[in-house]
Amino acid sequence: MVAGKGFGKIILMGEHFVVHGAPAIAAGLDRGVTVKLDLIDGFENQISETIEKETHAHMLKALEALQAQNQSSQKVKVHAIDSELPMGQGLGSSAALSVALARALNQAEGLNQSDEVINQNAFASEVIFHGKPSGIDNTVATYGGLIRFQKSLNPGQAPLVQSVNAKKPLYFLILPTHQKGSTRELVENVFEFKAKNEVQFQNLLESTEDLIRKTNVALEEGALQTMGQAMSLAHEYLNAIGVSNQALNDRVSACIQLGALGAKLTGAGGGGCVLALFENESQRQIAQGKLKVKGYEAFDATVKC
Ligand code: PMV
């Protein structure tokens, strides 16, 4: 039996606008998805009965897409999935699963694929689930780290991926709403919003590009206050295009009241998670305790420099 892992991710800034050509900044999480599988004789892929039924259809489709990419007719049995990520919460669980499957297939079949090929294969699998993914999720799920990502507006041309050097560690809290947002639907809704509000959308996209530039510099200089302010503004822009909701807005406000430097939804929205930045470990711990008293679950994630 072989195992493959994909990382989860947080988008620090630029979700949704990244689908429309703006850059975005994201970081890999240590948490991810691991799958275990074996090659089998037969004409159909199999998923172990021990794996949650709800995920079977999703996994079979992902396997089909990946095997088509590999031009392979070799079938497999997936024995186990170990997910350290809540599913459908904006933390890139679907891309992490695609990468985990791609890596496990690569190993099982001895294909010796580079990370670049794993990433391309996982993208093909993401297209099936999300329709028009920017490619940021599968890229972070493959490489991890802290990156600036910009998709090419020419179909078929590779995105621009650059690593970002953070001068200081980033102490985040992640607050799940436990409401599931459908990335596909939310991305489609934003396309509709753009069609109806072209000028407003263009202004928000350009303002987000400006925040990304500031955030990039702030990360490199360790200017966490500036970065926090940019995050909170980014949340307002996401709210303006209709992807936030009450549960997200409540958590953003609570984090700011409890001393966060900035807070925003992360991922597709419509539920999912809030990401809040803190000055240091002790500020984060104090806020985490107070959030718990208010009834908000929050777990920590640190992006190392
Ligand atoms: O919610 P997630 O983890 O699927 O993140 C989606 C990020 C979007 O920018 C909304 C879509 C994309 O493909 O970039």
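Since the model is a prediction, treat every value here as computed from it, not as a measurement. Whatever order the structure lists them in is the order used to number ligands and atoms, beginning at 1. Worth knowing before you read on, the calculation uses all heavy atoms, side chains too, and leaves out hydrogens, waters and symmetry mates.
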Fill in the blank from the handout: The protein heavy atom nearest to atom 7 (C) of ligand 1 is I11 CD1, 3.8 Å
Handout entry: Heavy atoms of other groups near K36 NZ, more than 12 under 6.0 Å
Key = no
Problem - Protein heavy atom at shortest distance from atom 11 (C) of ligand 1 - result: V19 CG2, 3.8 Å
Handout entry: Donor-acceptor pair between N245 and Q179 side chains, under 3.5 angstrom
Key = yes
Practice task
Check K9 against ligand 1 and report side chain, backbone, both or neither, counting heavy atoms closer than 4.0 Å.
Solution key: side chain
Practice task
Cation-pi check, K75 to F43: give yes when NZ or CZ is under 6.0 Å from the six-membered ring centre and within 45° of the ring axis, no otherwise.
Solution key: no
Problem - Results of side-chain contact (heavy atoms from CB on, under 4.5 Å) for E236 - residues two or more places apart only - result: L233
Handout entry: Short N or O distance, G92 and ligand 1, threshold 3.5 Å exclusive
Key = yes
Handout entry: Nearest-neighbour protein heavy atom for atom 8 (C) of ligand 1, which is reported as residue plus atom name and distance
Key = H16 N, 4.0 Å
Practice task
Under 4.0 Å from a heavy atom of I136: give me the atoms of ligand 1 that qualify, with their elements.
Solution key: 14 (O)
Practice task
Go through ligand 1 atom by atom and flag the ones less than 4.0 Å from a non-hydrogen atom of V18.
Solution key: 9 (O), 14 (O)
Exercise for the section: Look at atom 4 (O) of ligand 1 and say which protein heavy atom is nearest, naming residue and atom and giving the distance to 0.1 Å. Expected result: T183 OG1, 2.9 Å
Problem - Closest non-hydrogen atom pair between A96 and V33, with its separation - result: CB-CG2, 3.7 Å
Handout entry: Within 6.0 angstrom of K5 NZ, more than 12 heavy atoms from elsewhere
Key = yes
Fill in the blank from the handout: protein heavy-atom neighbour closest to atom 12 (C) of ligand 1 works out as S134 OG, 3.3 Å
Practice task
Return the minimal non-hydrogen interatomic distance between T142 and D115, and the atom names on each side.
Solution key: CG2-O, 3.6 Å
Problem - same_hphob_cluster(L66, I47) at 4.5 Å side-chain heavy-atom cutoff - result: yes
Practice task
Can you sort out which atoms of ligand 1 are near P133, meaning under 4.0 Å from one of its heavy atoms?
Solution key: 13 (O)
Exercise for the section: Can you sort out which atoms of ligand 1 are near G267, meaning under 4.0 Å from one of its heavy atoms? Expected result: 1 (O), 5 (O)
Practice task
State whether the shortest distance between N or O atoms of E15 and N or O atoms of ligand 1 falls below 3.5 angstrom.
Solution key: no
Handout entry: Test of proximity, A268 against ligand 1: N or O pairs below 3.5 Å
Key = yes
Handout entry: Output field: ring centroids Y237/F17 closer than 6.0 Å
Key = no
